[in-house]
Structure formats: C-alpha cells, structure tokens
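Working notes for the structure below.
All values reported here derive from a predicted model rather than from experimental measurement. So that the names make sense, note that chain A is the first sequence line, chain B the second, and so on, each numbered from 1. Quick note: numbers below take in every heavy atom, side chains included, and nothing from hydrogens, waters or symmetry partners.
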Amino acid sequence: MTNEALNDKTVNVLKEIFRGCAETIDDARFFSLVKTYFEKGETYTVKAGFDPTAPDLHLGHTVLLHKLATFQKYGGRVQFLIGDFTAQIGDPTGKSETRKKLLPTQIEENAKSYKEQVFKVLDPDKTTVVFNSEWINPLGAAGMLELTTTFNVARMLERDDFDKRHKAGISISISEFLYPLLQGYDSVHLKSDIEIGGTDQKFNLLMGRHLQRAYQVGKEQAVMMMPILEGLDGVQKMSKSLGNYIAVADEPNEMFGKILSISDTLMWRYYELLSSQSLDEIEALKAGVENGSLHPKKVKESLALEITERFHSRDAALGAQAEFERVHAQSEIPSEMDEFSADAPIWIAKALVDCLLSPSTSQARREIKQGSVKIDQNKLNDEQYQLEAGEYILQVGKRKFARLKVTQ
RNA sequence: GGUGAGAUACUCAAGUGGCCAACGAGGGCAGACUGUAAAUCUGCUGAUUUUUAUCUUCGAAGGUUCGAAUCCUUCUCUCACCA
C-alpha cells in the first residue's frame, strides 16, 4: 500500500473512531498510532478506569465500552482498570464524601461481575483487567510524596469543580487532590498510549499526560472524552444511585420498556451515543419525524429493538416488543410475572406488600384509594377487601404485576 | 485556638411551647388525557388493619414541662469571620 493510500485509510478509520466523542486531545497521536498499526501491525494500549463499587453496568458505561471496542477493531489493546485503590478516596466530581473501604473479597466479586458484563461488548482477547492498588500500595509514603511534588495547588485549583467549590467556600479535602494524581499515575505505570473517559474526567485525563512527562515515560497519552449519557429522566446523568438507569443486565422486557419510556427529546441523544446507525441514517429519521411521515414512537421502538438485541438476542428483542404491545397497547396481562403464595384469607393491602408490589401497607392502602390497584384486570375500590382461596393477578399502576396463589 | 451562625423528611426550605406527621417548592408515585413521550389538570408522598386512632420522626444524649421540632445542658458535625 502506498503511503498515500495508507493515510486515506487511516483518516477514514479515525472518522469512525472519533464518532460521537466530545473532545480529543493530541489528534496527531491518534493518527500515528492507527497508521502504525496498519503499516507494521503494532498495537497500542487504550486505558479506561472503572469504579469497583458499581459492578452493575448501565448504558452510560457502554458509551465508553463501545468506543473501546472500536479501538480494538483497529489495533487497540484495552487496559480495563478497576480503581480499587482510588475508590477509597472517591472522585471529587460528585457530591461523594469519603467512601467506605471495600473488602478485598467484595472487590474480587465485583470485578468478576464486571467481566461478565463487559465482555458482551469488549473482545476478551484484547483486554487486560488491572487493579490500581497493585502498584499504588507499593508506592508507600515516599512514592506518594514524590507524586505530590509534581504538581501544585494553584494548578490543582484550576480543575473546574475544585475551582467552583473553592470560590463558593465549600470544603475540599486534601485527599481529594490525590485522586487526579493517582489516576494520572496509573497511566505512568501502564504506559498507556490513549486514555478515554467522560467529559467530566478531562482534568484527570490530562493529569495522565502531565505525569507521563514528569516521570519520563517517553510518551504522552492521547485523550478522548465521551459525553455523559443522561438517565431516564433526561436531566441528570445516568447513574445507579439516582435510579435512572438501564442496566446491561436488565431483562429484555424491562430494557425495552425502559427505553420506550424516555422522552422524545432524549431519544435523539440515545441515538447519537448508543445506536450503531450512521449519522446520516439518524438525520433521515429526524427529518421523517419532523415532517410527520414517521411516528416518534416507531422510531423509539426501533432504537429499543437495536439496544435490546445488542445485550440479549434478536429473538429476545422481538419478544420484548410483542410483549410490550400486548401489555400496554392492548392492556393484557404480561405472559410472565413473579409468583407468590399466601394463606386464605389475606387482606389485599398485606397481599400487595407480600408480592413486593408495595413497600408498606400504608402505601398499599393509598394506592387502592387512588384506584391504581387491579385484581384480575378489575379496578379495586375496597381497601378492606379480603382475598379468599384462588389464584389472582394483582396489578399496581401500569407496570407492576404479580401472580398470587391463595390457599386454604 | 477565638468568636459567631447553623443542623428539620429524597433535596431545598418554613416552623421558635399545644391548632405539628410538621407550610411551601422540586423530585417521586398514582389517576385523567396520551404513544408507558412531552405538556396540562387532579390526588398522594413516616409507619401500623386502634385509620376522624395509635406509634416513631425535626443532628445525638439527657433535662424542664400536663405538653417540646420549638426552652435548658452536654456532645457530634458543618459553615463564616478572626488568628
């Protein structure tokens, strides 16, 4: 291949690699890494850090994972870093206070669960899972001290959220300063060529470059930042603690339903960051909705199908769609639901709690009063209702169902 | 180290002796309308089959009082100013 053809090929691949990302630093480096791979087959390393406290991956994480998978297609070897040491500090980005220390067994368990989920997207043969306590613990006080000499407070305060908090008079713990330093040091130890992370990680990602220079690693990592995916509410970032997430491990029906419940505005955001459809195709869909030739719900459905298929299977996705249609469009009961049993007679409010449909009998009574409880598809008005022996289908609101067998 | 201010439910925030399970806003849940979208309207949002009732809750522990989120004491934490 001529040098010119090689350049063209690299440029095209970079387009795919850069798709959807918010910002990159050191584009020339990306170019040369990919080009060298095509030229000589030399691979390069792409680092991404994850928190060991949240082994339940959600779609927000997959934005990053898909990007990593793209790199793997073009010579990237992924350094999947589990920040078991840094988790003890807590990244200052959030409101998070000092976190409790995780037991080694917990971390191990979480890591295992990570692997199961991550390899639905990543190629295991091109992925190395590493823990940063492995090289941070041996640093000791001396190493840590040395690390702190590479940076100063003024520059640390340039970090956006430190700056804001400092100006607003909100406390910043000294230990929080260590977080970016340690994250950067990870890149020194791993000699990463590229690091990717969320846009909120900009400062930390750049720290990797700074420290690689300070420690004379001989190269400075290129950086790619991905936008933060909003959660189901469309406002706050998708996170487990906010409860607005779609987990990778969600059942097909649930995953499909959750995607369909997002707002029309948010749908386009998900298309941009999660869909494999090209940007042109997405533009066409947008135009279709705007001129009325496409119903927004249909467009949302095809997104839900695509994503559900990705984490389950084509059949599961189609099944979920059919099920959804049955339950919501035709208000029939779901084909599968949790089953419970109880002794007759049982008070309805109690039954709802036992079937995990309501958190408390008080809540259950309120729900009955408001007319959101149905037994076998019929609305229930009597909050004193007693269930005799038999089989019932209990429903609270539109989404919560359970089958209850009452025996004498 | 000194002085001052503060800590109320998921969040913000009112309440300064009984009318307080605690105003209001946001959030959440539910109902109507819909496409399980958005917008809008309405209701609910500590627990308990004593349900015009009882119990627990206003940073923690004690105390005063017939009665405390409200008053007193000690403690813990947060913030501001000074050093």
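Both the sub-6.0 Å distance and the 45° axial angle are satisfied by A/K258 relative to the ring of A/Y245.
A donor-acceptor pair under 3.5 Å is absent between the side-chain atoms of A/E254 and the main chain of A/E251, judged by distance alone. Between the side chain of A/K47 and the backbone N or O of A/I196 there is no donor-acceptor pair closer than 3.5 Å. The backbone N or O of A/V299 sits less than 3.5 Å from a side-chain atom of A/Y271, completing a donor-acceptor pair.
B/rG1 is paired with B/rC82 under the Watson-Crick or G-U wobble criterion, all donor-acceptor distances under 3.5 Å. Partner assigned to B/rA32 is B/rU40, using Watson-Crick or G-U wobble distances below 3.5 angstrom. Checking B/rC75 for Watson-Crick or G-U wobble geometry (two distances, each under 3.5 Å) identifies B/rG59 as its partner. In this structure, B/rA68 forms no base pair with any nucleotide, since neither Watson-Crick nor G-U wobble geometry is met with both distances under 3.5 Å. B/rU45 is paired with B/rG27 under the Watson-Crick or G-U wobble criterion, all donor-acceptor distances under 3.5 Å.
If you take atom P in B/rA69 and the same atom in B/rA37, they sit 42 Å apart, rounded to whole Å. Distance noted for atom P between B/rA13 and B/rG18: 24 Å (whole Å). Rounded to the nearest Å, the gap between the C1' atom of B/rG6 and that of B/rA14 is 15 Å. Rounded to whole Å, the C1' atom of B/rA47 lies 7 Å from the corresponding atom of B/rU56. Comparing the same atom, P, in B/rC79 and in B/rC66 gives a spacing of 41 Å after rounding to whole Å. Comparing the C1' positions of B/rG24 and B/rU76 gives an interatomic distance of 31 Å, to the nearest angstrom. Rounded to a whole angstrom, the distance from the C1' atom of B/rU78 to that of B/rG46 is 26 Å. Comparing the same atom, P, in B/rG59 and in B/rG15 gives a spacing of 15 Å after rounding to whole Å.
Across the protein-nucleic acid pair, A/E383 atom CD and B/rC44 atom P stand 14 Å apart, rounded to whole Å. Going from atom CD of A/E367 over to atom P of B/rU42 covers 21 Å, rounded to whole Å. The OH-C1' distance, from A/Y245 to B/rG28, rounds to 16 Å in whole Å. Atom pair A/Q321:CD and B/rG35:P shows a separation of 17 Å (rounding to whole Å applied). Across the protein-nucleic acid pair, A/N381 atom CG and B/rG31 atom P stand 13 Å apart, rounded to whole Å. Between A/H328 atom NE2 and B/rC33 atom C1' there is a gap of 18 Å when expressed in whole angstrom units. The CG atom of A/L380 sits 14 Å away from the P atom of B/rG31 (whole-angstrom rounding). Between the CG atom of A/L260 and the C1' atom of B/rA38 there is a distance of 14 Å, given to the nearest Å.
Side-chain N/O atoms of A/R365 include none lying less than 4.0 angstrom from OP1 or OP2 on B/rU45. For B/rU48, the OP1/OP2 oxygens have a side-chain nitrogen or oxygen of A/S360 closer than 4.0 Å.
Counting any heavy atom pair closer than 4.0 Å across all strands shown, A/S362 reaches a base atom. Residue-level contact check: A/G397 touches the backbone only, with heavy atoms under 4.0 Å from sugar-phosphate atoms and none from bases. Nucleic acid contact for A/L266: none, since no nucleic acid atom lies under 4.0 Å from a heavy atom of the residue. Using a 4.0 Å heavy-atom cutoff across all strands shown, A/R399 reaches at least one base atom of the nucleic acid.
When only modelled atom types and interatomic distance are considered, A/E306 and A/S276 share a side-chain donor-acceptor pair under 3.5 Å.
Comparing B/rG31, B/rG35, B/rA38 by their nearest atom to the side chain of A/P296 picks out B/rG35. Minimum atom distance to the side chain of A/T361 is reached by B/rU48, of the listed B/rU48, B/rC44, B/rA32. You'll find that the side chain of A/K300 is closest to B/rA37, out of B/rA37, B/rC44, B/rU49. Of all nucleotides listed (B/rC29, B/rG31, B/rG35), B/rG35 comes nearest to the side chain of A/H295. In the set B/rG35, B/rG43, B/rA38, the nucleotide with an atom closest to the side chain of A/Q370 is B/rG43.
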Practice problem: Show the numbers, then the answer: is there a ring-ring contact (aromatic ring centres under 6.0 Å, His included) between A/Y215 and A/Y185? | Solution: CA-CA 9 Å; A/Y215 280 82; A/Y185 185 75; 5.5 Å; yes

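Partner A/E220 forms a side-chain hydrogen bond (donor to acceptor under 3.5 Å, both in side chains) with one of A/H210, A/R213, A/R29 and no other, that one being A/R213.
Judged by distance alone, with hydrogens and angles left aside, A/Q386 brings a side-chain donor or acceptor within reach of the base of B/rU49, the pair sitting under 3.5 Å. Judged by distance alone with a 3.5 Å cut-off, a donor-acceptor contact links the side chain of A/D264 to the base of B/rG35.
Nearer to the 5' terminus of RNA chain B, by closest-nucleotide assignment, is the contact made by A/K297 (compared with the other of A/Q384 and A/K297). Two residues, A/D233 and A/N253, neighbour RNA chain B, and the one matched to the more 5' nucleotide by heavy-atom proximity is A/D233.
Counting heavy-atom neighbours within 6.0 Å of A/K405 NZ, excluding the residue itself, gives a total of 12 or less.
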